[in-house]
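All residue numbers refer to positions in the sequence shown, counting from 1.
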Amino acid sequence: MSDPIEPSTSSSSTKDPALLIHPRREPFEHGLLPIPKLIFTDPTQTLIPLKQKLIEQSSSHRVNSAAISEVLQISIDHARLVLDTLASVLPSESDPLLKSKPDVVDEVGADVNDLVLFLYIQSYKKLLPRTHKDSAAVADVWPSTSAFDGYLSALSPLQLVRSNSRRFVPSQADEEAHQLSYLQKHLANIVSLLAEPVEGEGEESLVLTMEKFEHLGFLFYFGDKGSEGYHLGQYAPFFANSDPDMPAVPVPAAQVHDWVLQNIVSSLENISERISPKENGPPSSSDQDVPMADACTSTNKGSINVRGPSFIEGISKSSLIKQASDLKGSSVKVLNCHDSVIYILAPLRYATVYGCSDATIVLGAVGKAVRIEHCERVHVITAAKRICIANCRECMFFLGVNQRPLIVGDNHKLQVAPYNTFYGQLEEHMNEVGIDATVNRWNEPLALGVVDPHDSLSHPAGVSDAQAESGSHLDPEQFTNFLIPNWYGGESEGSTKDNPFPLPDIYVASQHRNNNLGEVKQLLREAPLEENKKRELSTALHVYFKDWLYASGNIRQLYCLQGE
């Protein structure tokens with residue numbers, strides 16, 4: 001190893017936050033696939049020859065589904081899933097793969113260097129959830145057990161999450177430290193996958209070109225503003241002053257390794273210093289996970305982090321709306337919400353819904369990926385590029401998705417249906433994040449295995465695998481439009497006046513039969529009944545409607561609207 005390059009400061013406590021290295025969360029949160037053939041016990045020894053085989057498939061060092069299928073010995077469907085999943089977690093919007101229409105993705109293919117890094121991190125194990133600080137308060141929020149629990153021996157998704165000490169998702173700081181520790185442990189292997197020998201000097205003289213170094217941006221970024229628009233090379237002292245008109249001189253791989261490693265150590269020390277006060281006293285406002293209290297159309301609560309996701313957590317028996325101006329950043333996490341209706345009407349890159357029950361959640365337009373995990377009896381309505389559903393039960397999904405819905409883990413009685421709502425700015429938001437309304441693959445779910453090797457909470461070691469239960473199509477007779485209330489006149493106004501996703505004919509026909517309120521009113525007006533009989537009939541209908549409002553829980557929305 002050559003002499004390491006010192007970080008810009010020696011003490012993490014005084015280090016400028018803009019100079020701290022961070023792991024990119026997206027590959028770890030949205031890029032892991034439970035496909036056994038993608039998980040290697042010795043990733044370096046396996047991936048170096050696989051990388052060479054992939055390079056041999058294309059002179060441009062970009063590979064399509066067919067090449068991935070042949071080299072990795074997986075099905076063409078799984079190979080296309082690898083390509084689409086990789087595209088959803090790439091850091092650079094300028095990559096040709098992200099600019100491609102779905103029908104030409106295979107013509108463009110994935111960069112081999114990005115692909116091998118993506119394959120390497122398939123060995124990552126998720127951090128186990130932490131214990132909630134106030135388990136007694138949480139117990140009051142959790143719903144009753146599922147109807148399945150009486151006769152299924154396996155724990156339901158929510159029981160898994162709330163069993164024993166009532167565990168919750170890890171804090172942002174805990175997750176970041178876990179991901180950095182993984183990258184620290186595997187850094188030498190990761191660098192070796194990108195390095196190449198100096199011609200004529202053998203395998204021991206590995207170097208990284210600036211172009212290869214930039215691929216580390218798939219896993220790392222610097223600063224507190226997120227990873228968009230920044231090149232990793234501008235932070236590296238050995239590339240920072242390179243002449244843009246001249247090719248940078250390759251750097252010894254050992255030098256790159258030592259520099260990145262020291263930055264990781266510095267960031268881990270910084271995280272440790274931030275976490276320690278939280279364990280011994282009140283957390284700082286900048287790093288606190290703030291649970292959201294019961295709210296009706298509240299727009300000023302939640303945990304916001306410039307470089308991290310916005311949190312909507314702990315909503316119970318309420319309605320909540322968030323619009324673009326209420327969110328900082330382009331990712332949202334909806335956590336542990338119960339018996340509520342949540343509207344997030346904004347253009348997003350990523351969205352996660354975790355541990356929710358008996359709720360309706362509307363996600364505006366999500367241009368990268370949606371993940372729904374450990375939920376029960378939840379209705380999710382979203383326009384998105386792609387969606388992954390994991391370990392859910394009795395949930396219904398109304399989807400406008402450009403890629404096949406991915407279903408993994410232990411799921412039961414899921415239903416999928418075409419998208420069924422709109423709001424004024426929906427098409428504007430879809431265009432902003434790149435969702436094509438002419439392509440909706442809601443009815444083509446792809447089910448993988450029940451066992452998720454990345455998740456030791458849901459699937460302990462030694463559990464045998466089987467194909468996950470897929471989602472059935474919603475009966476067209478039960479399909480109706482979902483109306484989003486116009487709580488805010490200004491921001492919610494827009495050009496979208498109807499559902500932008502075309503409906504299958506059978507759902508259109510059912511919709512026409514079901515959306516007959518006007519016909520009912522007309523029939524009542526024209527009915528050959530005496531006025532007192534009409535009043536009795538009208539009263540009976542109001543009574544039944546009121547009963548339905550209470551039985552369905554929709555009465556809370558009226559209370560919230562009334563409160564406004």
Side-chain angles (χ1 to χ4, degrees), residues 23-76 78-92 95-98 105-106 108-125 179 182-197 203 206-221 227 232-233 250-251 253-254 256-257 260-261 453-454:
R24 287 190 66 244
R25 297 177 182 277
E26 294 85 355
F28 298 104
E29 294 182 358
H30 296 277
L32 303 179
L33 294 172
I35 299 176
K37 288 189 176 181
L38 301 186
I39 301 169
F40 308 107
T41 54
D42 189 344
T44 311
Q45 294 300 315
T46 308
L47 283 172
I48 287 177
L50 283 179
K51 178 184 177 182
Q52 189 56 42
K53 289 181 181 179
L54 288 166
I55 290 173
E56 291 169 359
Q57 297 283 328
S58 170
S59 58
S60 65
H61 286 202
R62 302 189 73 91
V63 288
N64 59 17
S65 298
I68 294 171
S69 173
E70 179 181 338
V71 172
L72 299 181
Q73 295 296 292
I74 58 177
S75 70
I76 195 69
H78 286 180
R80 180 57 188 259
L81 176 63
V82 167
L83 205 56
D84 289 338
T85 305
L86 172 59
S88 74
V89 296
L90 285 173
S92 173
D95 191 286
L97 190 59
L98 297 181
V105 162
D106 266 322
V108 175
D111 186 287
V112 170
N113 296 291
D114 292 329
L115 178 59
V116 293
L117 294 181
F118 173 83
L119 293 173
Y120 191 98
I121 65 165
Q122 299 303 312
S123 64
Y124 176 77
K125 297 279 188 183
Q179 291 161 5
Y182 169 85
L183 293 171
Q184 179 186 35
K185 177 182 177 181
H186 294 272
L187 183 61
N189 292 341
I190 289 168
V191 170
S192 69
L193 283 173
L194 298 175
E196 50 195 36
E203 294 291 332
L206 294 175
V207 296
L208 256 74
T209 62
M210 185 172 180
E211 186 269 332
K212 293 288 182 67
F213 175 80
E214 289 291 354
H215 285 282
L216 286 174
F218 180 76
L219 300 172
F220 300 101
Y221 71 94
S227 56
L232 205 61
V251 175
V256 172
H257 170 273
V260 176
L261 186 63
H454 311 106

Qualifying residue, where the test is ring-ring contact (aromatic ring centres under 6.0 Å, His included) with F28 and the options are F118, Y124, F218, Y120: Y124
If I compare all heavy atoms of [X] with all of [Y], which pair ends up nearest, and what's the gap?
X    : Y    : result
A67  : N64  : N-OD1, 3.0 Å
S92  : L98  : O-CD1, 2.9 Å
I121 : P27  : CD1-CB, 3.5 Å
V108 : L97  : CG1-N, 3.8 Å
I68  : L54  : CA-CD2, 4.5 Å
A195 : L206 : CB-CB, 3.9 Å

By salt bridge (charged side-chain N to carboxylate O under 4.0 Å, His left out) - contacts of D114 (at least two apart): none
How many angstroms lie between atom [atom1] of [X] and atom [atom2] of [Y], to the nearest 0.5 angstrom?
X    : Y    : atom1 : atom2 : answer
L83  : S69  : CG    : OG    : 12.0 Å
H61  : K51  : NE2   : NZ    : 8.5 Å
Q184 : L261 : CD    : CG    : 5.5 Å

Side chain to side chain donor-acceptor pair (under 3.5 Å) contacts in which one or both residues fall within residues 35-45, not counting sequence neighbours: T44-N189
Under 3.5 Å donor-acceptor, [X] side chain and [Y] backbone:
X    : Y    : value
S123 : I39  : no
Q122 : L33  : yes
R24  : V89  : yes
R80  : S65  : no
E214 : L232 : yes
T85  : L81  : yes

Close side-chain approach of [X] and [Y], heavy atoms under 4.5 Å:
X    : Y    : result
L187 : F220 : yes
L90  : D111 : no
V207 : V251 : no
L119 : L50  : no
V260 : V191 : no
E196 : P250 : no
I190 : L216 : yes

Residues forming a side chain to side chain donor-acceptor pair (under 3.5 Å) with S75, sequence neighbours excluded: none
Set of side chain to side chain donor-acceptor pair (under 3.5 Å) partners for S88, sequence neighbours left out: none
Partners passing ring-ring contact (aromatic ring centres under 6.0 Å, His included) against H215 (at least two apart in sequence or in another chain): none
Partner residues of F213 under the ring-ring contact (aromatic ring centres under 6.0 Å, His included) criterion, sequence neighbours left out: F238, F239
